[in-house]
Amino acid sequence: MIRLFQEHRVRRTESLDGIWSLALEDGRRFPMIVPGVWETVPELAAYEGKARYTRPVEIDQDSDILLRFGGVSHTTKVFWDGNAVGGHYNAFTGFDVMISKASAGLHELCVEVDNAFGEQSTLHIPNDYFTYGGINRSVELHYLKSAMIASTAFYATENGDGTFDAHVAVSLCALEDTGPIRYTAELAGKCKTAEVAGLKKGETRQLNVLLEYLTVRKWDVRKGQLYDLKGTLSQEDGILDDSIERVGFRTVEIDGERILLNHKPVRILGFNRHEDHGQLGLSLDAGAMMCDLQLLLDMGANAVRTCHYPNDQKFLDLCDELGLLVWEEHHARALPGEILRTERFAEQISNCNEEMIRQHVNHPCIYIWGVLNECESETEFGHSLYEKNLNQLRALDPTRPVSFASCRLFNDVCLDLVDVVSFNIYPSWYINEPVKDFLERLLAWTESHGGQNKPVLITEIGAGAIPGCHDAFRRAKWSEERQADILEEQLRAVLANERISGVYVWQFADVKVSEEWAMRRPRTMNNKGIVDEYRRPKLAYFTVKKAFSDPNKR
Ligand code: ADA
């Protein structure tokens, strides 16, 4: 299933995860697990291009149905009994395909997947992480009745007496004409109903429901605390649809130079984490995700940055549960200017923004949205691009701060646009300058270039080590000793600096990179992981653990 909890008790859903058949254009066929990526088949480890996944689907009654895909990497066309019924671009957001009046019986579902680079793809380009191919997240089949709850967006505001009001915005969609219908929201022991006189076939309707003065326990860092928001759509003779959202009550505010969580300054002790694993590629199952999170917690982390794309809902569900603060980022890493200026990019990134927020807005773990990691933030064009993207996110979700991770540093002209100033810096690794001096210089510059009176985050800091490479004299770059020493210096300087609201270590685990990056990256991997691609700790694991566990730094 796409989530780690049951989202429906009334709407009938089935998992389409399991064994599918994968066919290549040259006729080769393989049994493939869904979710998964084809690079896990040794013969396909370097396969780039189109492939077709098929499987039979049995429908047990005539019905409108919805096929829900958690993520397919990266360009998809969906066929039902040989007919094209939908498609999508981008591995990191989900999409739905509706099939009206599916008849009872056996059908063929075919998903054409393409992971090739090219003009059509502006977000997936050769990059410092790998573009896998396959149905990388779960797939579900939903049976629908005459009307459905298409989406539910929740946010909470705190009252002076410590209770919360819950604001629930629901989008209803009619598949047939309906008579009078009613939507009921139930949360933390209270419920509220909104009546609708009737909907015409194809009509959508937005409803806002307010549940007031809820007595709840707050969601908090490394604690979590979740509640089920149950929505029911009914008519006189029965229930048409339902939805369950898992929500949390917490406040996030920017107060001058501080980020406040539940009115208290929060210090981010985080990791950048790619969705990648030495054996599983992009498709980590919930068990593997939980193992990653256990390691992060063991090192004393309270935060994760989903570099550089929206993450699997299951991972976000776990962060909700465990109380990890998430910086979620849309899908854009260091894209060249000629791509940023295309209309196709404008369309693909706008879709990504819209899908990311609609699908993830209810996760209490997400405290900030990020855009355009290391893009063109030093030019006038860049300024308008950042402004457009940040404003789109603000319009879609006015409740969370927004930011971007800059590497343009002393040339950046976009700091005026953000709620939180964020820098990716690598002193003592790419830049030969003591970390403390570099930081002081950067922070002083920030004050007079749009960053004054705003919180500052260090969104990346780190150094590389090839696992198992040692230097007893601790001098050789790429040795585990040198990586540990550089991180020690970096974290000491960053955490001692009161002006900085927190840090994300680059990065949690070593990850595979595109072939085009091989000359810059030994092993064709980004080796700055604190654990290797199989999660075996390097020496720096204990350095980070010590730095993050020092109680004075909390
Ligand atoms: C950048 C970038 C990361 C990674 C890192 C590095 O800051 O955001 O994706 O490439 O540098 O390892 O150099």
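For ligands, and for the atoms within them, numbers begin at 1 and follow the listed sequence. FYI, the numbering just counts along the sequence from 1. All of these numbers come straight from a predicted model, not from anything done at the bench.
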When Arg137, Gln359, His363 are each screened for side chain to side chain donor-acceptor pair (under 3.5 Å) with Gln313, the one that passes is His363
Which protein heavy atom lies closest to atom 2 (C) of ligand 1, and at what distance to 0.1 Å?
-> Glu460 OE1, 3.3 Å
Below 4.0 angstrom, N of the basic side chain to O of the carboxylate: do Arg474 and Asp471 qualify?
-> no
Quick note on ligand 1: atoms under 4.0 Å from a heavy atom of Asn424 include exactly 7 (O), 8 (O)
Lys528 with Asp510: basic N within carboxylate O range, under 4.0 Å = no
Between Glu488 and Lys546, is there a side-chain N and carboxylate O pair less than 4.0 Å apart?
-> no
For ligand 1, which atoms, with element, lie under 4.0 Å from some heavy atom of Tyr430?
-> 6 (C), 12 (O), 13 (O)
Tell me which protein heavy atom sits closest to atom 6 (C) of ligand 1, plus the residue, atom name and distance to 0.1 Å.
-> Lys528 NZ, 3.3 Å
Name the closest protein heavy atom to atom 5 (C) of ligand 1, giving the residue it belongs to and the distance to 0.1 Å.
-> Tyr426 OH, 3.4 Å
Please confirm whether Gln507 comes under 4.0 Å of ligand 1, counting heavy atoms of the residue only.
-> no
Do we get Arg400 above Tyr367's six-membered ring, with its NZ or CZ under 6.0 Å from the centre and within 45° of the axis?
-> no
Measure from NZ or CZ of Lys477 to the centre of the six-membered ring of Trp429, then state whether that distance is under 6.0 Å and the direction lies within 45° of the axis.
-> yes
Ligand 1 contacted by Arg521 (non-hydrogen, < 4.0 Å) | yes
Just checking, Arg536 and Tyr541: is the charged tip under 6.0 Å from the six-membered ring centre and within 45° of the axis?
-> no
Number the atoms of ligand 1 from 1 as they appear, then name those within less than 4.0 Å of a heavy atom of His308, with their elements.
-> 3 (C), 8 (O), 9 (O)
Closest to atom 10 (O) of ligand 1 (judged by heavy-atom distance), picking from Asp128, Asn127, Ile425 = Asp128
Report yes if His274 has an N/O atom closer than 3.5 Å to an N/O atom of ligand 1; otherwise report no.
-> no
Taking the six-membered ring for Trp, are His74 and His88 ring centroids under 6.0 Å apart?
-> no
Heavy atom under 4.0 Å from ligand 1: found in Tyr129's side chain, backbone, both, or neither?
-> neither
Of the side chain and backbone of Asn373, name the one, both, or neither that has a heavy atom under 4.0 Å from an atom of ligand 1.
-> side chain
